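Keep in mind the model is a prediction, meaning the values are calculated, not measured.
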Amino acid sequence: MEGSENMTTTVAFIGSGNIGSTVARLAIEAGHQVVLSNSRGPETLASTAAELGPRASAATSGEAAAAGDIVVVTVPVNAFPNLPAAPLAGKTVIDTCNYGPERDGHILELDNKALTSSELLLRYIPDAMVVKAFNNIFFKHLLSLARPAGAADRSYLPIAGDSAPAKETVAEFIESIGYSVVDAGPLADSWRQATGTPVWGTPYGPFSNEKGQPVGEDAIRAALATATR
């Protein structure tokens with residue numbers, strides 16, 4: 001997974017909050033190109049892009065969606081209807097989003113567990129290939145726990161998705177930025193890594209410890225297995 005094929009990947013971001021900007025920083029350190037966007041417009045991201053350096057740029061969400069080889073959607077769940085569906089068609093999309101009724105308002109299909117938030121996302125961008133990732137780790141831990149390939153204390157992140165090729169693309173990207181991957185099944189099972197589950201936050205240490213603690217494959221698999229709905 002090392003090598004020049006990773007160097008040309010463009011990773012676009014719809015939403016540039018804590019998780020988005022952290023993934024962007026790790027992506028740039030790994031040699032990827034990054035295109036940032038948010039709901040307020042590219043001019044509000046100019047300083048962030050400048051700080052990230054020459055491989056980063058800012059755009060509208062539609063432009064970002066069109067530019068990305070991989071597109072990271074990192075917005076409130078109640079913003080799903082505003083996503084640019086057309087340019088996301090055929091794209092590998094990483095969904096980092098967590099549903100929180102106190103922020104998002106109540107969404108019936110999520111409250112009654114008829115859908116996972118990733119399945120809800122897919123309703124708005126039906127032609128994209130959605131992979132759930134990065135939603136279960138505190139952004140400060142995500143930044144501090146990245147390790148080079150082969151490191152003994154490399155941490156694992158769960159991913160869920162219905163497209164095997166998209167999962168492979170996302171796994172390669174995650175490997176390139178300093179983590180290994182546990183396949184947590186299809187999008188229908190992505191509730192196992194949702195807010196409040198055993199794999200969410202806790203394995204990587206308390207939020208008060210900004211450095212976090214490395215987590216191996218077995219611990220992530222066990223946490224996913226013990227989740228209840």
Legend entry - Nearest atoms (heavy-atom pairs only) where Ile174 meets Ser180: CG2-O, 4.4 Å

Legend entry - Leu142 with Val131, same ILVMFWY side-chain cluster at under 4.5 Å: yes

Inset, instruction - Determine, using the 4.5 Å side-chain heavy-atom cutoff (strictly less than), whether Leu122 and Trp191 are members of one ILVMFWY cluster. - result: no

Legend entry - Inter- and intrachain pairs under side-chain hydrogen bond (donor to acceptor under 3.5 Å, both in side chains), touching residues 213-229, at least two apart: Glu217-Arg221

Donor-acceptor pairs under 3.5 angstrom involving side-chain atoms of residues 69-78: please list them, not counting sequence neighbours.
from: Asp69; atom 1: OD2; to: Thr10; atom 2: N; distance (Å): 2.7
from: Thr74; atom 1: OG1; to: Thr96; atom 2: OG1; distance (Å): 2.9
from: Asn78; atom 1: ND2; to: Arg103; atom 2: O; distance (Å): 3.3

Inset, instruction - Find out whether His32 and Ser176 are in side-chain contact, i.e. whether some heavy atom of one side chain is under 4.5 Å from a heavy atom of the other. - result: yes

Inset, instruction - Tell me whether Leu157 is reachable from Leu145 by hopping between hydrophobic residues (I, L, V, M, F, W, Y) whose side-chain heavy atoms are closer than 4.5 Å. - result: yes

Legend entry - Qualifying residue for side chain to side chain contact (heavy atoms under 4.5 Å, CB included) with Ile220, from Pro158, Pro198, Ser155: Pro158

Legend entry - Closest heavy-atom pair and its distance - Gly212, Ser144: N-OG, 4.3 Å

Inset, instruction - Spell out, as yes or no, whether a donor-acceptor pair under 3.5 Å connects the side chain of Ser37 to the backbone of Gly62. - result: no

Legend entry - Under 3.5 Å: donor-acceptor pair, side chain of Lys167, backbone of Gly161: yes

Inset, instruction - State, yes or no, whether a side-chain contact exists between Ile94 and Phe173 at a heavy-atom distance under 4.5 Å. - result: yes

Legend entry - Step-by-step side chain to side chain contact (heavy atoms under 4.5 Å, CB included) determination, Leu224 to Gln193: CA-CA 7 Å; Leu224 289 165; Gln193 64 197 74; 4.3 Å; yes

Inset, instruction - To the nearest 0.5 Å, tell me how far Asn82 CG sits from Ser39 OG. - result: 8.5 Å

Legend entry - Heavy-atom donor-acceptor pair, Lys91 side chain to Met129 backbone, under 3.5 Å: no

Inset, instruction - Considering non-hydrogen atoms only, spot the tightest contact between Ser16 and Phe13 and give its length. - result: OG-CB, 4.4 Å

Legend entry - Sequence-distant partners of Glu109, salt bridge (charged side-chain N to carboxylate O under 4.0 Å, His left out), two or more places apart: Arg123

Legend entry - Joint hydrophobic cluster, Val170 plus Ile14, side-chain heavy atoms closer than 4.5 Å: no

Inset, instruction - Measure the shortest side-chain to side-chain distance between Leu108 and Asn112 over non-hydrogen atoms and say whether it is less than 4.5 angstrom. - result: yes

Legend entry - Contacts of type side-chain contact (heavy atoms from CB on, under 4.5 Å), residue Leu143, not counting sequence neighbours: Thr22, Arg25, Leu26

Inset, instruction - Quick one: closest heavy-atom pair of Ala56 and Ala49, and the distance? - result: CB-O, 3.7 Å

Legend entry - Main-chain N/O of Gly178 paired with Arg147 side-chain donor or acceptor, under 3.5 Å: no

Inset, instruction - Enter the distance from Leu83:CG to Leu121:CG here, rounded to the nearest 0.5 Å. - result: 6.5 Å

Inset, instruction - Determine, for Glu29 against Arg55, whether the closest basic-nitrogen to carboxylate-oxygen distance falls under 4.0 angstrom. - result: no

Inset, instruction - With rounding to the nearest 0.5 Å, note down the distance linking CG in Leu45 to CG in Leu52. - result: 10.0 Å

Inset, instruction - Give, for atom OG of Ser190 and atom CG of Asn136, the distance between the pair rounded to the nearest 0.5 Å. - result: 11.5 Å

Legend entry - Distance (rounded to the nearest 0.5 Å) between Thr60 OG1 and Asn38 CG: 10.5 Å

Inset, instruction - Please answer whether the main-chain N or O of Lys211 pairs with a side-chain N or O of Tyr204 as donor and acceptor at a distance below 3.5 Å. - result: no

Legend entry - Asp189 side chain vs Gly185 backbone, donor-acceptor pair below 3.5 Å: no

Legend entry - hydrophobic_cluster_shared for Ile125 and Val35, side chain cutoff 4.5 Å: no

Inset, instruction - Keeping to residues at least two apart or across chains, list the ring pair (Phe, Tyr, Trp, His ring centres under 6.0 Å) pairs with something in residues 119-151. - result: Phe138-His141, Phe138-Phe207

Legend entry - Taking every non-hydrogen atom, the tightest pair across Pro84 and Ala65: CG-CB, 3.9 Å

Legend entry - Nearest non-hydrogen partners of Pro101 and His106, listed with the distance: CB-CE1, 3.6 Å

Inset, instruction - With side chain to side chain contact (heavy atoms under 4.5 Å, CB included) as the test, would you mind laying out the steps for Leu120 and Thr116 before giving the verdict? - result: CA-CA 6 Å; Leu120 181 67; Thr116 64; over 6 Å; no

Inset, instruction - State, with a plain yes or no, whether a side-chain heavy atom of Asp95 is found less than 4.5 Å away from one of Asn135. - result: no

Inset, instruction - Can you run down the ring pair (Phe, Tyr, Trp, His ring centres under 6.0 Å) pairs that involve residues 64-103, sequence neighbours left out, and say none if there aren't any? - result: none

Inset, instruction - Using a 4.5 Å cut-off on heavy atoms from C-beta on, say whether the side chain of Glu119 contacts that of Lys132. - result: no

Inset, instruction - Report yes if some heavy atom in the side chain of Val181 is under 4.5 Å from a heavy atom in the side chain of Tyr156; otherwise report no. - result: no

Legend entry - Asn98 and Ser117: side chain donor to acceptor below 3.5 Å: no

Legend entry - Student check: side-chain heavy atoms of Ser118 and Leu187 closer than 4.5 Å: yes

